[in-house]
Structure formats: structure tokens, C-alpha cells
Amino acid sequence: MAVNITKTFPLRHALSFTRGRIPSQLVIQLTDACNASCPQCGMRRNTPFRRSLLSLDDCKRIIDHAAASGIAALSFTGGEPFLFYEQLLSLLHHAGDAGIPSIRTGTNGFLFMNHERPDFTNRISRLAKALADTRLYTFWISIDSPVAETHERMRGLPGVMKGIEKALPIFHEHGIFPSANLGITKGILPKRPSASVGLPATAEEFQAGFRAFYNRVIDLGFTITNACYPMSVAPTSASSLEAVYGATAEDDSVMFTNEEKRVMFRALGATIPQFRSRIRIFSPISALHALERQYSGDPGYCRPCRGGSDFFFIDAKCGDTYPCGYRGRDNLGKFWDLDLGRAPYGPSCRKCDWECFRDPSELLAPFSEFLSSPVRLVKRLFQDSTQTSLWLGDLRYYQAADFFHGRQAPDFRKLSRFAREPHDLSIEEKYAVQQSPGFLA
Ligand code: SF4
Ligand code: SF4
């Protein structure tokens, strides 16, 4: 099946491939204020630091420059952006009117607390209607664990899981199909027998956790899901990273060894095919396979990240632009002063696993390579048949999943083709021969 790239990106954005670029992305951190208590995050409510909020005027100026520069995807993140609901709504309208095609925002779920109160349904209906009146493409709701108690304890948001379950049909009625965003932490792992405490997490444990997560979010009523890989950037990191985006911590819940990460990426890549026909799963298996190879001692295997060349991050504290949320030493100044036609940095960084930037960098790079270095690309596609087959499978799946359009109901007839894909078998076979004993180890 041919992949219609202009359906994914309007022609203007698809043309970026001809310049060796990929459709660009901007993440605006509207605020670093938050009302949740996630241990994996430096912005949790009990961390003492002065909180910031970008001004409405600055945000609009940023959006106007983003639209004029051809930014294809714009995310409003936090902190918790819905703490500033009126401002957020105004910005969503502004971005839609400016013509940005893929507009995203999300919540930690605090909106869904107190589901037992009589006004819950009306309150959520008003919220869903207000969002439906914008051109929002993706609305994500964070979920850390398939177990309600674990998720609610980590987030510090009691009763929220039940509230999400009650809210989803209301959103669907308004034509909004939220995405369940899994923040991968140790909270995903099944409860361990005391003899295993302190031992590295195994592939079986990760796979059991991912299976339980997908089953749980399907049961809750979600139709789209994504996985956020664990982030832990130390302030004096040897890798020269310096986080301006506080969605990172040195808490044990996100501290994984490189070997655990390798096993985690492999387990996630092996689990996803089992659920692709039941829920639209954004995480590309080709990107997971590349990250697995990176942590297998092949650091150059992944495509370099587009942070600083096609993707950018704006920090709530000073409103300045960075290549991403983790390269705080590379301040690019005010976004509206940047000429995005001239990439400030070439794509070369592979220093973290931030899925917002790493997944699309991996998935979209071959399109730009097709025009900038076709011989090298063709050679690579033929030489690495596993990755090529996973990548083509991802493209076919993205098309069947309507490119995760959060305003469209899933087409299960199209998704059903992915109930059992030949490449799924090959990834399992590939893993099986590397394992001893069992399918994953
Ligand atoms: S992960 Fe999100 S919801 Fe949790 S503390 Fe950080 S900003 Fe708040
Ligand atoms: S890999 Fe990408 S997101 Fe991570 S530090 Fe480098 S540029 Fe930033």
C-alpha cells in the first residue's frame, strides 16, 4: 500500500524533504507550574522553585512566527497547561487560525478528579465542547501505570482513573479521541517477589507491564496511545546535557541502566504488534528497534535527532528557544528572531531518548535522505532488511491509524490488517534466537 505523505503533511510541509529537512515541530512549555506529584518529574508540586507562565502576547508572537516559518506540529506542554485553561484555549484557537496543521496539548488528568460530584458530566461536556471548537489534533491524558492505585499515588490525583473512564465517552461524543500517554517508569512493572527486589528489571516484567497497560487503556475506552520513554538528566551530566525542561528527575523510578533500557525498548517493540489492531499505538517499532540497537553498543545506528535543526523547544522560565528541553547550554534566543530556513544545528545529537523528538526523527529521516543522499539510503534499506521491514510496517500502520488523528474515530476494519503482520513474526523470531531461555530475557 502506498503511503500518502501529503495526507500526513500538507504539501508545504512535505516539501521540506526536498531540502534535506523534515516537517518541523515546536514544543512550547506554557508553564512549569503543576499540581501533580509525579516522582519522575522535577516540576512536581512539592519541588520548591519559582513557577513561570509565558505571556499570552509572547505566545501569540511565537505562534505567528511558527506558522510563517512552516512549523507543522505545535505542542503546548507544561507543567500542567490546563491550570491556565482560558489562556490555553485562546492559544489553541490562535494556532488553528494561523494554519498550523497538527496542534497538541494534554493534561495530567486533574480535570477528571471528583467524578462522583453531580456536576461532573456537565463540566466535562463543557470542556470537550470548548476543545472541539478548536483545531486541536491531539489531546493527551497521562497514565503511569495500569494499576489505578499506583497511577493515582504517583500523580497525587486520587480517583482520577475512574474519572477518565467516565469522561472518555463524553469526549468521543464531541468528536475528540484522547490519547493515553504512558510515562514509562518503574510504575509499569508488575509487583515483584521480595527475592527480586534490587535486581535489574527483566524483559518479561516490562512486557507484562506493557501488556497490562495496553489492556487497561483499551478497557478504559482510549483509542490512541503513546509511550514516553524514561528521562533522567543529571544537572552535571557527563553527556553535557542540561535540562531546561523539568520533565526529568534522578528519582529511582526513572533510573534504568543501559541494559535495562535495551531490554525495555525490545520488550515494548515486541508487545506493540499484539495490540495494534485494538488501539492506535503511536510508538514506531522501527524507532524502538533503533534505540534497542543504540543500547546494544551501536550508538550510531539511530538516525540523529532533529532537535535544533527541525525541532525546537521554548522554555517557560525565560521564553527562550532551545534545540530541545535538555540542551540548556544551547540557548537560541527568541523564537521570533530565528530564521528556521537555516537550521541552527545540523542533526547529530543522540544524547537522550526524548520520544517527542527521537521517534519522528527516526521515522521521517528516510524521506529526506531519499532526496539528499539517495544512494546511501537505498544501500542502507537493502543492507538492513529488519529495520527496513519494520519501517515500512510503521508507515502502513500510520496510514491505517489515520495518522493518529485525534478528531477521528478509529477505523477497526483498517487496523484489523495488523492483527498479525509478517514483520511481527520476524521481530519475535529475531528476539527468540538472541534469548536464552524463553522468548524474551
Ligand atoms: S510529569 Fe507532568 S503532571 Fe507530573 S509533575 Fe511533571 S509536569 Fe506535572
Ligand atoms: S537527542 Fe534530541 S532531544 Fe535528546 S538531547 Fe539530543 S537534541 Fe535533545
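As the structure lists them, so they are numbered: ligands from 1, and atoms in each ligand from 1. Position 1 is the first residue of the sequence; numbering continues from there. A quick note: this is a predicted structure, and the numbers were derived from the prediction, not measured.
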Query - Mutual orientation of the aromatic rings belonging to F112 and F171 [parallel < 30°, tilted 30-60°, perpendicular > 60°] - result: perpendicular
Query raised in the report: Once the angle between the rings of W354 and F313 is folded into 0 to 90°, is it parallel (under 30°), tilted (30 to 60°) or perpendicular (over 60°)?
Result: perpendicular
Query - Sidechain N-carboxylate O distance under 4.0 Å for D394, R276 - result: yes
Query raised in the report: Hey, are E369 and R380 close enough for a salt bridge, meaning a charged N less than 4.0 Å from a carboxylate O?
Result: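 Answer for the salt bridge query: no.
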Starting from [atom], find the nearest protein heavy-atom neighbour and note its residue, name and distance.
atom                    : value
atom 7 (S) of ligand 2  : R327 NH1, 3.4 Å
atom 6 (Fe) of ligand 1 : C41 SG, 2.3 Å
atom 4 (Fe) of ligand 1 : C38 SG, 2.3 Å
atom 8 (Fe) of ligand 2 : C324 SG, 2.3 Å
atom 2 (Fe) of ligand 2 : C305 SG, 2.3 Å

Report summary line: For C349, the ligand 2 atoms with a heavy-atom partner under 4.0 Å come out as 1 (S), 5 (S), 6 (Fe), 7 (S)
Query raised in the report: Taking both backbone and side chain into account, is any N, O or S atom of C352 nearer than 2.8 Å to atom 2 (Fe) of ligand 2?
Result: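 Under 2.8 Å: C352 has no N, O or S contact with atom 2 (Fe) of ligand 2.
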Only heavy atoms of [X], strictly under 4.0 Å: list the atoms of ligand 1 that pass.
X    : answer
R44  : 5 (S)
R155 : 3 (S), 4 (Fe)
G79  : 7 (S)

Query raised in the report: With a cut-off of 2.8 Å, does any N, O or S atom of C34 fall short of it relative to atom 8 (Fe) of ligand 1?
Result: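 Within the cut-off used here (under 2.8 Å), C34 does place an N, O or S atom near atom 8 (Fe) of ligand 1.
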Report task. Check whether the side chains of D133 and H93 place a donor and an acceptor atom closer than 3.5 Å, and report yes or no. Result ->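 Side-chain D/A pair, D133 to H93: absent.
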Query raised in the report: Should the pair K166 and F120 be classed as cation-pi, given the thresholds of under 6.0 Å to the six-membered ring centre and 45° from the axis?
Result: yes
Query raised in the report: For ligand 2, is there an atom lying under 4.0 Å from some heavy atom of R358?
Result: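 In this structure, R358 qualifies as a contact of ligand 2 - some heavy atom is under 4.0 Å.
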Report task. Could you tell me whether L241 approaches ligand 2 through its side chain, its backbone, both or neither, with non-hydrogen atoms closer than 4.0 Å? Result ->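 The part of L241 near ligand 2 is the side chain, not the backbone.
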Query - Near-ring test W140/F82, centroid separation under 6.0 angstrom - result: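 No, ring centres 6.0 Å or more apart.
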Query raised in the report: Does the gap between the ring centers of F222 and F177 come in under 6.0 Å?
Result: no
Query raised in the report: When Q294 is tested against each of R350, R262, R358 for side chain to side chain donor-acceptor pair (under 3.5 Å), which residue passes?
Result: R358
Query raised in the report: Would you call Q40 a ligand 1 contact, heavy-atom distance under 4.0 Å?
Result: no
